[in-house]
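The sequence lines fix the lettering, A, B, ..., with proteins before strands; numbering per chain opens at 1. Every heavy atom of this structure was used, including side-chain atoms; hydrogens, water molecules and symmetry mates were not.
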Amino acid sequence: MSDYLPTAPYRGTRDFLPAEMSVRQQVFGRLYEVAESRGFLRYDGPVLESAEIYEAKSGREIADLQLYTLTDRGGRRLALRPEMTPSVARIIAGNASTLQFPVRWYCHVNCHRYERPQRGRVREHWQINADIFGSDSVNADIEILGVVHDMMAAVGATRDMYVLRANDRVLLEAILTRIVGIPEERVRDVSGLIDRWEKAPRDQVRADAAELGLDDAQFDRLEAALKAGEDVLPELPADVLERSNLAAIMRSDAKDLVTYDPLIVRAFEYYTSTVFEVFDRDPANNRSLFGGGRYDDLTGLFSGQRIPGVGFGMGDVTLFDFLGTHGLLPEPRPEADVAVIPVSDDLLAPARGVATDLRKAGWRATTPIEVRKLGKEIARADKAGARAIVIIGPAEWAEGNVTVRDMASGDQRTVPAESAARAVSDLADHP
RNA sequence: GUGGGUGUAGCUCAGCUGGCAGAGCACCAGGUUGUGGUCCUGGGGGUCGCGGGUUCGAACCCCGUCACUCACCCCA
């Protein structure tokens, strides 16, 4: 009769052991560098938020079904954040008076959604968010799209591996109301239909459309407009094209950043203009990796000051699936560069001194926690990935010397203890 | 929420018609008391996912349940 608690992490959450953590650190480190290189500043915030901030604008699916909620001892209804955008909008709105707009911010946070785990989807994921607040300019959209492409490049992706599909809700709404002839109040429902366009059989889509009040002629016009690609744009009124940031991008020299796709809708209700999604082009992982867009009213939940925003969230689960599919995952970093191994207990103190010298020279150096047979410690150092070891034995130490051994070749030489770091560096320079 | 697949050692898995719970790798030790990778020898490790049922006897059959996984729905 055993009453041990389970060691597996809670369903849909993950432990990250050192080897995997090392891979993650390397990948995310490159993403941080991209953000920092463009002047984006890192921020952070609480994982717990008032539940209301998601119920207003995130979308029915998330608020009703996927939100982890709880009530605190004061009776406040709280939620684990399912995404970061409402949080950052809150932080921006609350600190607007101290900020110099436009601001460029990024973060790397965990988010929770209660749903059934499967490929590309878990209950706790980590995502990079990058946003620009306080500008309506198309330059903000272009900057965000630039970050996306730079980040993909930084993890080793080339443009043939993925496609950035973009749409604009201004264009979408105009197509629906002015070309197809759908009343304003149905735009949202029909948008949801378009979101499912590629995923459901055509007859199913037609039936759903009929249920939303579209007659056959309207459905045909909608289908034709969606298939027309960029050719539909000249049919739209000038004032619509003027209000659309995406239309402006497509007229500019930043056109290559996006592929116009009228089927991109995205579920978050708060998007107001540009929306985009990055897709893996590999058929083995043919899915949406992440996305973002422009949300010009979200800070309106928190204050009367109008602060438009544009940004994206890049989740780790789909990103790492992408990297794995394309063979872009880096190797875990070894435990240390050099292991300093004393032959007996009484030589551990000198070993610590040599290790300190090595660290001052920039090497990651270890000494054993428990002194074992030399062969055992060499084997351990080998498995830990050390490129060199320094052996501290009584005969050499009596002369003030140590033995430096190259792990790849097995060559070793005895040098004065104070030259150990230099000897290791020589090995590294002349492998 | 719907449907399929899979649960046996740390990992990958085998286990026939129900009859003593196994292999490879990994780990630890010894061969070699100061030298890793190769080799040899030995060793530690198991609620067979969990609960119930059938049976003289269940890893195996039946029922339930949980977990993992894939697809759908939806979504990042």
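If you check every strand for non-hydrogen atoms under 4.0 Å, A/V278 touches nothing.
With a 3.5 Å ceiling on both atom-pair distances, the Watson-Crick or G-U wobble partner of B/G7 is B/C66. In this structure, B/G18 makes no Watson-Crick or G-U wobble pair, since no nucleotide meets both defining distances under 3.5 angstrom. With a 3.5 Å ceiling on both atom-pair distances, the Watson-Crick or G-U wobble partner of B/U12 is B/A23. Across every strand in view, B/U33 sits unpaired, with no contact that passes the Watson-Crick or G-U test at under 3.5 angstrom. Across all strands shown, B/G44 forms no Watson-Crick or G-U wobble pair with both distances under 3.5 Å. Remark: B/U2 base-pairs with B/A71. Criterion, Watson-Crick or G-U wobble with two distances under 3.5 Å. Using the Watson-Crick or G-U wobble rule with both distances under 3.5 Å, B/U55 pairs with nothing in any strand shown.
Annotation: proximity of residues 148-155 of chain A to RNA chain B (heavy atom, distance under 4.0 Å) is found for no residue.
Remark: C1' of B/C75 and CD1 of A/I264 are 13 Å apart, rounded to the nearest angstrom. Rounded to whole Å, atom P of B/A26 lies 17 Å from atom CZ of A/R380. In this structure, CD of A/E124 is placed 18 Å from P of B/A76, rounded to the nearest angstrom. Taking atom OH on A/Y114 and atom C1' on B/C73, their separation rounds to 16 Å, with Å as the unit. In this entry the distance linking NE2 of A/H108 with C1' of B/A76 reads 14 Å, nearest Å. Whole-Å rounding puts the A/R372 CZ to B/A29 C1' distance at 10 Å. Spacing between atom CZ of A/R165 and atom P of B/A76 amounts to 14 Å, rounded to whole angstrom units. The nearest whole Å value for the distance from the CG atom in A/D321 to the C1' atom in B/C75 is 14 Å.
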Measure all distances between protein nitrogen or oxygen atoms and nitrogen or oxygen atoms of nucleotides 67-69 of chain B, and list the pairs falling under 3.5 Å.
unit_1: B/C68; atom_1: OP2; unit_2: A/R11; atom_2: NE; d: 2.5

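A 4.5 Å side-chain heavy-atom check between A/V258 and A/M250 finds at least one atom pair inside the cut-off. The closest side-chain heavy-atom distance from A/R380 to A/R372 is below 4.5 Å. Taking 4.5 Å as the limit, every side-chain heavy atom of A/V34 sits out of range of all side-chain heavy atoms of A/F40.
A/R169 contributes no side-chain N or O that, together with a main-chain N or O of A/V275, makes up a donor-acceptor pair within less than 3.5 Å. Counting only distance, with no hydrogens or angles, the side chain of A/R405 and the backbone of A/I389 share no donor-acceptor pair below 3.5 Å.
When the salt bridge (charged side-chain N to carboxylate O under 4.0 Å, His left out) test is applied to A/R294, the partners found at least two apart in sequence or on another chain are A/D141, A/D296. In terms of the side chain to side chain donor-acceptor pair (under 3.5 Å) criterion, A/R422 has no residue partners (sequence neighbours excluded). Every residue two or more places apart in sequence or in another chain was checked for a ring pair (Phe, Tyr, Trp, His ring centres under 6.0 Å) with A/F276, and none qualifies. Residues passing the salt bridge (charged side-chain N to carboxylate O under 4.0 Å, His left out) test with A/D215: none are found, sequence neighbours excluded. Partners of A/R387 under the salt bridge (charged side-chain N to carboxylate O under 4.0 Å, His left out) rule, at least two apart in sequence or in another chain, do not exist in this structure. For A/F279, the ring pair (Phe, Tyr, Trp, His ring centres under 6.0 Å) test picks out no residue, with sequence neighbours left out. Residues satisfying the ring pair (Phe, Tyr, Trp, His ring centres under 6.0 Å) test with A/F320, not counting sequence neighbours, are A/F28. Not counting sequence neighbours, the partners of A/F219 by the ring pair (Phe, Tyr, Trp, His ring centres under 6.0 Å) test are A/W197.
Atom name P, nucleotides B/C16 and B/G53: the rounded distance is 25 Å, in whole Å. For the P atoms, the distance from B/C25 to B/C40 is 9 Å, rounded to whole Å. When the C1' atom is used for both B/C61 and B/C48, the distance is 16 Å, rounded to whole Å. Comparing B/G44 with B/A9, their C1' atoms are spaced 11 Å from each other, to the whole Å. For the C1' atoms, the distance linking B/C60 with B/G24 amounts to 23 Å, nearest Å. Distance check on atom C1': B/A23 versus B/A14 gives 7 Å, rounded to whole Å. Between the P atoms of B/C27 and B/U38, the separation comes to 10 Å (whole Å). Between the P atoms of B/C39 and B/U47, the separation comes to 31 Å (whole Å).
Within 3.5 Å, no donor on the side chain of A/R113 pairs with an acceptor on the base of B/C75, nor the reverse. With hydrogens and angles left out, the side chain of A/R266 and the base of B/A76 share no donor-acceptor pair within 3.5 Å. Side chain A/Q66 to base B/A76: no donor-acceptor pair is found below 3.5 Å.
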Whether each nucleotide of nucleotides 30-36 of chain B has a protein heavy atom under 4.0 Å at its base (B), only at its sugar-phosphate (S) or at neither (-) is summarised, 5' to 3', as SS--BBB
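Each ring pair (Phe, Tyr, Trp, His ring centres under 6.0 Å) pair with one or both residues in residues 136-165 of chain A, not counting sequence neighbours, appears once here: A/H149-A/Y162.
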